[in-house]
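Starting from 1, each residue takes its place in the sequence as its number.
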Amino acid sequence: MPAARRRPARLVWSGLCRVADGLFPRGANPHGVLPALLILLALVTGLVDAVSFLGLGRVFVANMTGNIVFLAFALAGEAQMSKWASPAALAAFGAGAWGAGRLIRRTANTRRAFAVATAVHTLLVAAALAVALVAGHRTTWSHAALIALLACGMGLQNASVRALGVPDLVTNVLTTTLTGLAADTPGRAALRRSASVAAMFLGALAGATLHLVTGPAPALAAALILLAAVTLLARRAR
């Protein structure tokens with residue numbers, strides 16, 4: 001690669017490394033660039049959950065706690081809740097997490113497994129974007145396809161991020177994170193938790209705005225771009 005083209009890549013890498021290092025006490029970040037990549041994945045979570053909740057019948061593809069509650073509401077007779085969407089998301093998420101677990105055990109290298117899982121996640125979101133562009137998101141089969149693709153990807157993401165063991169940086173759910181923010185004394189852990197909360201909020205805000213104005217495709221495209229970037233950076237971080 002010519003030097004002129006390598007320079008922007010080096011600037012992006014060094015900037016992300018500075019962000020990652022700033023989330024820990026000076027000289028105490030053993031995770032390299034990974035903390036910054038997890039913040040980008042929290043943005044992805046906000047984007048895809050905005051699409052799923054607003055466009056796919058009140059279902060989450062990342063927050064499985066919500067889906068368990070939604071399924072209970074549907075079984076109790078709440079007409080706005082689907083009886084099949086939440087179980088479909090739970091099953092697809094579980095399949096993704098199971099696949100990531102097998103990958104982690106087979107490779108015995110959590111960083112390599114994270115890079116591979118993120119690459120597969122990128123392909124799943126690309127497939128979801130293709131479904132949204134070709135078939136839309138208003139038929140039952142397109143709903144089912146989008147839920148399955150997106151939830152499976154989020155299962156891969158959650159399991160591979162969990163295996164990395166980066167403290168206080170989560171990409172799927174924030175209940176424990178918010179508890180820690182409220183209960184613990186301020187410090188760099190609070191900064192990491194706040195970064196996760198802010199990233200997911202901004203992703204959801206952007207995803208909801210894009211979806212409400214133009215439909216799901218732009219939000220999925222944004223998630224795809226972020227995932228592709230994280231995949232390339234994660235390969236370098238192995």
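The shortest side-chain heavy-atom distance between H31 and P167 falls under the 4.5 Å cut-off. At least one side-chain heavy atom of L156 sits under 4.5 Å from a side-chain heavy atom of L124. At least one side-chain heavy atom of F24 sits less than 4.5 Å from a side-chain heavy atom of P35. When side chains are defined from C-beta on, L181 counts as touching S194, because their heavy atoms get closer than 4.5 Å. Here the side chains of V44 and V230 are not in contact, with every heavy-atom distance at 4.5 Å or above. Between L34 and F114, the closest side-chain pair of non-hydrogen atoms falls below 4.5 Å. Between L43 and L202, the closest side-chain pair of non-hydrogen atoms falls below 4.5 Å. Looking only at side-chain heavy atoms (C-beta outward), H143 and W84 come within less than 4.5 Å of each other.
Here the CG-NZ distance, from L75 to K83, works out to 6.5 Å after rounding to the nearest 0.5 Å. To the nearest 0.5 Å, the span separating CG on L54 from CG on D49 amounts to 10.0 Å. Rounding to the nearest 0.5 angstrom, the gap separating the OG1 atom in T179 from the CG atom in L174 is 10.5 Å. The distance from atom CG of L123 to atom OG1 of T118, rounded to the nearest 0.5 Å, is 11.0 Å. To the nearest 0.5 Å, atoms CG (L224) and CG (L47) are separated by 11.0 Å. Atom CD in Q157 sits 11.5 Å away from atom CG in L150 (nearest 0.5 Å).
One N or O on the side chain of S14 and one on the backbone of L11 form a donor-acceptor pair closer than 3.5 Å. A donor-acceptor pair under 3.5 Å links the side-chain atoms of R188 to the main chain of G22, judged by distance alone. No donor-acceptor distance shorter than 3.5 angstrom exists from the side chain of T45 to the backbone of M200, with no hydrogens or angles considered.
The aromatic rings of F60 and F70 sit parallel, their planes meeting at an angle under 30°, below the 60° perpendicular limit.
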Just do the side-chain contact (heavy atoms from CB on, under 4.5 Å) check on V61 and N67 with the steps written out, would you? CA-CA 8 Å; V61 292; N67 286 331; over 6 Å; no
Step by step, work out the side-chain contact (heavy atoms from CB on, under 4.5 Å) result for N29 and L23. CA-CA 8 Å; N29 173 24; L23 296 171; over 6 Å; no
When you look at T107 and V116, which way does the side-chain contact (heavy atoms from CB on, under 4.5 Å) test go after all the steps? CA-CA 10 Å; T107 62; V116 173; 5.9 Å; no
Would V125 and H121 count as a side-chain contact (heavy atoms from CB on, under 4.5 Å) here? Give the steps. CA-CA 6 Å; V125 172; H121 190 182; 3.7 Å; yes
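Take T177 and apply the side chain to side chain donor-acceptor pair (under 3.5 Å) test, not counting sequence neighbours, and it matches no residue. Checked against side chain to side chain donor-acceptor pair (under 3.5 Å), D168 has the following partners two or more places apart in sequence or in another chain: R192, R193. For W98, there are no side chain to side chain donor-acceptor pair (under 3.5 Å) partners at least two apart in sequence or on another chain.
Across all their heavy atoms, I104 and A113 have their closest contact at CG1-CB, 3.6 Å.
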